[in-house]
2 protein chains.
Amino acid sequence: MPNRDAYHHGDLRRTLLAAARDLIAERGVGAVSLRELARRAGVSHAAPAHHFTDKAGLFTALAVEGYGLLGDTLAAASADAGAPPAPVGGLALLRELGVRYVRFALAHPAHFDVMFRPELCRETTELAAARERTERLLRAAVPGGPTGPRAEVYSLAAWSAAHGFATLWRDGSLSPDRDGADPEELFLAAADTLFAPAPAGP
Amino acid sequence: MPNRDAYHHGDLRRTLLAAARDLIAERGVGAVSLRELARRAGVSHAAPAHHFTDKAGLFTALAVEGYGLLGDTLAAASADAGAPPAPVGGLALLRELGVRYVRFALAHPAHFDVMFRPELCRETTELAAARERTERLLRAAVPGGPTGPRAEVYSLAAWSAAHGFATLWRDGSLSPDRDGADPEELFLAAADTLFAPAPAGP
DNA sequence: CCCGCATCTTGCCATTGACAAGATCGCACG
DNA sequence: CGTGCGATCTTGTCAATGGCAAGATGCGGG
């Protein structure tokens, strides 16, 4: 009934994705229902199905969008660092990617939530491709390059640290006492501890 | 109707928790419904509510159980390492706790799944206490002790790495190419890379 | 001009979570 | 011994949801 003319051509899909993003950010992924999204978009309860097939389809689309955004920011940092010849081989780029990873998770909580929940998504080739792009970018930032002997382990270590921090912060597991602190600074402090030599005592 | 005599005294709560654990491990947390659990336990559809109040109550109970199990294995390692006077101050204990953290996540996927999903649980004092125990154990394992200047950052770094690895492995984000590898060994390799001096190139 | 297709709607059904009211059992207490 | 109370479980019910089917609507190409 409402806004009959506004839709029926074009941006319902985008509208629904935006509504899902907001709803997840507000009340968590569990509060998402196709009908509620339809209500917010002013369409009938079955309209979303024609764009996403399924609830899983909607989450999958959100996840793909999320991997796209994350990939973009990681690629931008890699491009910046790749231009000057100097710092390649060091940890500067990997560090920067870690910060951006964390920043992304906090700035786009809804996307991040959905990206790492395989039970919510359908494993499409599109999703796999988007995910692989992220992995490639991480592996390419490793000291020694993506083909170096330690590339695997190094990128895995960095990814784990960034992902773990982002996840723990996101779900409130470590905020009680660290509330008010700036998560990015906190992550950098932790990351620098990680990749620094073991302390022999000051 | 079925098994009228077996229940009605005692272990329905335990039975339901076990059923939930199995169901989550089999089909994911999304497949859990109180009614399905009731069906598996052979009781009526409303019986679970009397033990957990709520679906959130069930997940909360599972999470508390999970934190208990995790805390036990971390505490055991800490006790072992605390007895001999020597290795305190080194990274050996923290490393061991990391492995045990990862091992727990892989051995008890259902518990682990629920423990870090605040939107599924109710924040009871019991849950908070169980979680804080874990945090205390991690912080106590840091080189320099839980009151040292770097305790915060160090435990946070280690926790992030272990949690991130466990999470990524668990949801299949890094299995495609690393399938078949032993996750514990992989984690140790990554962890040792993390806390080792930065490579100057061999 | 008309047909086809994408888009959206209406109607429907099984499942679920939650609640209310009643049944059944054990146990303490008189 | 029996009686009443509370814990445990059942039956009945309701609104909300996901998903399917069938129909309406409107745009663009033949």
Side-chain angles (χ1 to χ4, degrees), chain A residues 1-20 22-24 26-63 114 117-124, chain B residues 1-20 22-24 26-63 114 117-124:
Chain A
M1 211 89 75
N3 290 354
R4 175 72 67 84
D5 302 324
Y7 299 113
H8 213 322
H9 113 91
D11 37 50
L12 213 207
R13 182 186 160 99
R14 190 190 306 270
T15 302
L16 289 171
L17 280 177
D22 295 348
L23 188 55
I24 296 177
E26 284 170 25
R27 297 191 226 162
V29 59
V32 173
S33 82
L34 293 179
R35 290 169 116 101
E36 172 66 19
L37 297 182
R39 244 169 267 137
R40 293 194 173 197
V43 295
S44 88
H45 64 88
H50 289 275
H51 289 274
F52 303 107
T53 312
D54 214 296
K55 199 176 183 182
L58 175 106
F59 286 139
T60 305
L62 249 192
V114 155
R117 236 162 262 190
E119 85 258 23
L120 296 181
C121 299
R122 213 189 327 279
E123 188 62 21
T124 62
Chain B
M1 209 89 76
N3 290 355
R4 175 72 67 85
D5 300 323
Y7 301 111
H8 213 320
H9 120 90
D11 36 51
L12 214 207
R13 183 186 160 99
R14 191 191 306 270
T15 302
L16 289 171
L17 279 177
D22 295 347
L23 188 55
I24 295 177
E26 283 171 26
R27 297 191 227 162
V29 59
V32 174
S33 82
L34 293 179
R35 290 169 115 101
E36 172 66 19
L37 296 182
R39 246 169 264 137
R40 293 195 175 196
V43 295
S44 88
H45 63 87
H50 289 273
H51 288 274
F52 303 106
T53 311
D54 213 298
K55 200 176 181 180
L58 175 106
F59 286 139
T60 305
L62 249 191
V114 156
R117 243 169 253 184
E119 85 259 23
L120 296 181
C121 299
R122 213 189 328 278
E123 189 62 22
T124 62

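The basis for the numbers below is simple: all heavy atoms, side chains too, and nothing from hydrogens, waters or symmetry mates. Numbers restart at 1 for each chain; the letters A, B, ... are given by sequence-line order, proteins then strands. Treat the numbers as computed from the prediction; the structure is a model and nothing was measured.
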(request) Drop me the distance from Leu16(A)'s CG to Leu62(A)'s CG, to the nearest 0.5 angstrom. (result) 10.5 Å
(message) Let me confirm one number: the CZ-CG distance from Phe59(A) to Asp54(A), rounded to the nearest 0.5 Å.
(response) 10.5 Å
(message) Any carboxylate oxygen within less than 4.0 angstrom of a Lys/Arg side-chain nitrogen, looking at Lys55(A) and Glu36(A)?
(response) no
(message) I'd like to know if the side chain of Thr53(B) and the backbone of Ala49(B) have a donor-acceptor N/O pair within less than 3.5 Å.
(response) no
(request) Answer whether the closest heavy-atom distance between the side chains of Arg117(A) and Arg117(B) falls below 4.5 Å. (result) yes
(message) Could you tell me if the side chain of Leu37(B) sits less than 4.5 Å from the side chain of Leu58(B), heavy atoms only?
(response) yes
Take atom [atom1] of [X] and atom [atom2] of [N], then tell me their distance rounded to the nearest Å.
| X | N | atom1 | atom2 | result |
| --- | --- | --- | --- | --- |
| Leu16(A) | dG18(D) | CG | P | 13 Å |
| Phe59(A) | dG19(D) | CZ | P | 10 Å |
| His51(A) | dT7(C) | NE2 | C1' | 6 Å |
| Arg27(A) | dA16(D) | CZ | P | 14 Å |
| Arg13(A) | dC8(C) | CZ | P | 12 Å |
| Asp11(A) | dT7(C) | CG | C1' | 13 Å |
| Leu12(B) | dT8(D) | CG | C1' | 9 Å |

(request) Would you give a per-nucleotide map of nucleotides 14-22 of chain C, 5' to 3', where B means the base has a protein non-hydrogen atom under 4.0 Å away, S means only the sugar-phosphate does, and - means neither? (result) --BBBB---
